[in-house]
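Contents: one structure, followed by commentary.
A, B, ... follow the sequence lines: proteins, then strands. Residue 1 opens every chain. On a predicted model such as this, the values are computed, not experimentally measured, just so you know.
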Number of protein chains: 2
Amino acid sequence: MNTAEAEPTREGSLLLDDQLCFALYAASRAVTARYRPLLEALGLTYPQYLVMLVLWEQDSISVRDLGAALQLESSTLSPLLKRLEAGGLLRRERRAEDERSVAIRLTDAGARLRDQAEAVPLAIGDAMGLTPEEDALAKRLLRELTANVTAG
Amino acid sequence: MNTAEAEPTREGSLLLDDQLCFALYAASRAVTARYRPLLEALGLTYPQYLVMLVLWEQDSISVRDLGAALQLESSTLSPLLKRLEAGGLLRRERRAEDERSVAIRLTDAGARLRDQAEAVPLAIGDAMGLTPEEDALAKRLLRELTANVTAG
DNA sequence: CCCGATTGAGTCGTGCACAACTTATTCGTG
DNA sequence: CACGAATAAGTTGTGCACGACTCAATCGGG
């Protein structure tokens, strides 16, 4: 019998492999790395892809609402949106009814990119290799975790 | 009955809330944000904290082995270690037996910081609010996911 | 109607992450 | 032993993330 896992995970352990946070951090980076070559073919980074997912669902959204959907600050989104605009995928225009707000709208090229993006979730789902039940369970746990940790 | 979750999650969906990758990405950032004030009290960022966890477990480790443990490139670790060295928590010295390799060793201050760090996992475990079973399950799923996605 | 408080977007500075590359050292095979 | 391949660490450039801040527009109570 090996020594790994010989000790039960104690509450206040400082061992790296006992930390859920590290499993989460490592998994997040590994998944993003898996997306990278697929998204590079679309000319997108991973956070840019998430922005496009939101826009394909709801075009003409404010920076504020985009930030709420992705849980990102305007200080992250503003430069990112500027790069997507430079890439010709979207336009930004001040709203007439509230000049503080900026509406993000897809260009035709941005809307068309959706067709190419269809292949991405399929390829990733394949690579993840989880059963539909495991996938659903993981999403449930991660959302519960996010909600708990964000709250108090 | 509401419309959310009315549709079953389809395989190739492009809806943000169907993406496991986003649940993962959001959870990782939310957990890191929860660590931030705790670690700030120790003078550490989150990745720096992970490096210290490894060093508290195994002092005098090479940059290479540190990178293997954390799945980080030397281009990420080198500047990070330089900052920890500037903060007086560790020293870097070329190994005599292989001048290519650099050994990372804790200073007394670095070793002593462990005592203060003991409180961190307890506070976080509390905030996460998962049962021990859910915690173990989440770690299992995340490791399986990481392994699958890293492999092929 | 006014003026202080709030809100929405953006800028700036710091610190990751990672690809591509450089440099120095060591290894391995003829 | 020589010398090309491999390895360890570090540098550079790009793009997030986020806190602290600025600025302009809007809101709301008196």
Side-chain angles (χ1 to χ4, degrees), chain A residues 21-22 25-37 39-40 43-52 61-87 90-104 150, chain B residues 21-22 25-37 39-40 43-52 61-87 90-104 150:
Chain A
C21 71
F22 176 64
Y25 167 77
S28 182
R29 286 188 300 113
V31 167
T32 303
R34 187 70 180 214
Y35 271 91
R36 197 167 293 117
L39 296 179
E40 198 169 2
L44 295 174
T45 65
Y46 180 71
Q48 288 169 9
Y49 170 69
L50 295 180
V51 165
M52 294 304 289
I61 191 177
S62 66
V63 174
R64 180 199 130 84
D65 289 349
L66 199 50
L70 298 172
Q71 299 290 359
L72 289 171
E73 303 296 319
S74 72
S75 52
T76 298
L77 286 175
S78 285
L80 189 158
L81 292 170
K82 202 178 287 185
R83 283 185 284 270
L84 287 175
E85 186 177 36
L90 55 81
R91 274 188 292 270
R92 293 183 296 165
E93 34 192 74
R94 291 274 162 190
R95 285 194 202 280
E97 64 274 25
D98 185 343
E99 292 276 348
R100 290 173 303 181
S101 180
V102 165
I104 308 298
T150 303
Chain B
C21 71
F22 176 63
Y25 166 77
S28 182
R29 285 187 301 111
V31 168
T32 304
R34 187 73 180 211
Y35 272 90
R36 197 167 294 118
L39 296 180
E40 198 169 3
L44 296 174
T45 65
Y46 179 72
Q48 288 169 9
Y49 170 69
L50 294 180
V51 165
M52 295 303 289
I61 190 176
S62 65
V63 174
R64 180 198 128 85
D65 289 349
L66 200 50
L70 297 172
Q71 300 290 357
L72 289 172
E73 303 296 319
S74 72
S75 51
T76 298
L77 287 175
S78 285
L80 189 157
L81 292 169
K82 202 177 288 185
R83 282 185 284 271
L84 287 175
E85 186 177 36
L90 55 82
R91 272 188 295 269
R92 293 182 296 164
E93 32 193 76
R94 291 273 162 190
R95 285 193 203 280
E97 65 272 25
D98 186 343
E99 292 275 348
R100 290 173 303 180
S101 181
V102 165
I104 308 299
T150 304

Report task. Between A/Glu97 and A/Tyr46, just flag the one whose closest nucleotide in DNA chain D comes earlier from the 5' side. Result -> A/Tyr46

Query raised in the report: Who are the ring-ring contact (aromatic ring centres under 6.0 Å, His included) partners of A/Tyr25, not counting sequence neighbours?
Result: B/Tyr46

Requested in this report: Without swapping roles, check the side chain of A/Glu40 against the backbone of A/Pro37 for a donor-acceptor pair under 3.5 Å.
Outcome: no

Query raised in the report: Roughly how far apart are B/Cys21 SG and A/Arg34 CZ, rounded to 0.5 Å?
Result: 13.5 Å

Query raised in the report: With sequence neighbours excluded, what pairs up with B/Asp98 under the salt bridge (charged side-chain N to carboxylate O under 4.0 Å, His left out) test?
Result: B/Arg100

**Report entry** Residues that B/Arg36 engages under side chain to side chain donor-acceptor pair (under 3.5 Å), provided they are two or more places apart
**Finding:** none

Report summary line: Sequence neighbours excluded, the answer for salt bridge (charged side-chain N to carboxylate O under 4.0 Å, His left out) partners of A/Glu93 is A/Arg105

Report task. Would you tell me if any nitrogen or oxygen in the side chain of A/Tyr25 comes within less than 4.0 Å of OP1 or OP2 on C/dC16? Result -> no

**Report entry** Listed partners of B/Thr32 passing side chain to side chain donor-acceptor pair (under 3.5 Å), at least two apart
**Finding:** none

Query raised in the report: Mind checking what makes salt bridge (charged side-chain N to carboxylate O under 4.0 Å, His left out) contact with B/Arg64, not counting sequence neighbours?
Result: none

Could I get a table of every N or O pair under 3.5 Å where one atom is in the protein and the other is in nucleotides 1-4 of chain C?
none

Query raised in the report: First and last nucleotide of DNA chain D touching chain A, 5' to 3', heavy-atom cut-off 4.0 Å?
Result: D/dG15 to D/dT26

Query raised in the report: Taking atom CD1 of B/Ile61 and atom CG of B/Leu90, what is their separation to the nearest 0.5 Å?
Result: 12.0 Å

Query raised in the report: Can you name the nearest heavy-atom pair linking B/Arg95 to B/Ala103, along with the distance?
Result: NH1-CB, 3.6 Å

Check residues 72-87 of chain A and write down every donor-acceptor pair under 3.5 Å in which the side-chain atom is one partner and the other belongs to a residue at least two apart or another chain.
from, atom 1, to, atom 2, distance (Å)
A/Ser78, OG, A/Ser74, O, 3.1
A/Glu85, OE1, A/Arg92, NE, 3.2
A/Glu85, OE1, A/Arg92, NH2, 3.2
A/Glu85, OE2, A/Arg92, N, 3.4

Requested in this report: Assign a letter to each nucleotide of nucleotides 6-15 of chain C from its 5' end: B, base within under 4.0 Å of a protein heavy atom; S, sugar-phosphate only; -, no contact.
Outcome: -BSBBBB--S

**Report entry** A/Tyr49: partners by ring-ring contact (aromatic ring centres under 6.0 Å, His included), with sequence neighbours left out
**Finding:** A/Tyr35

Report task. Starting from P on C/dC16, measure out to CE on B/Met52 and report it in whole angstrom. Result -> 13 Å

Requested in this report: Compute the bend angle of the helix from C/dC1-D/dG30 to C/dG30-D/dC1 from the end axes (five pairs per end), rounded to 10°.
Outcome: 20°

**Report entry** Trace of the side-chain contact (heavy atoms from CB on, under 4.5 Å) decision for B/Leu39 with B/Thr45
**Finding:** CA-CA 6 Å; B/Leu39 296 180; B/Thr45 65; over 6 Å; no

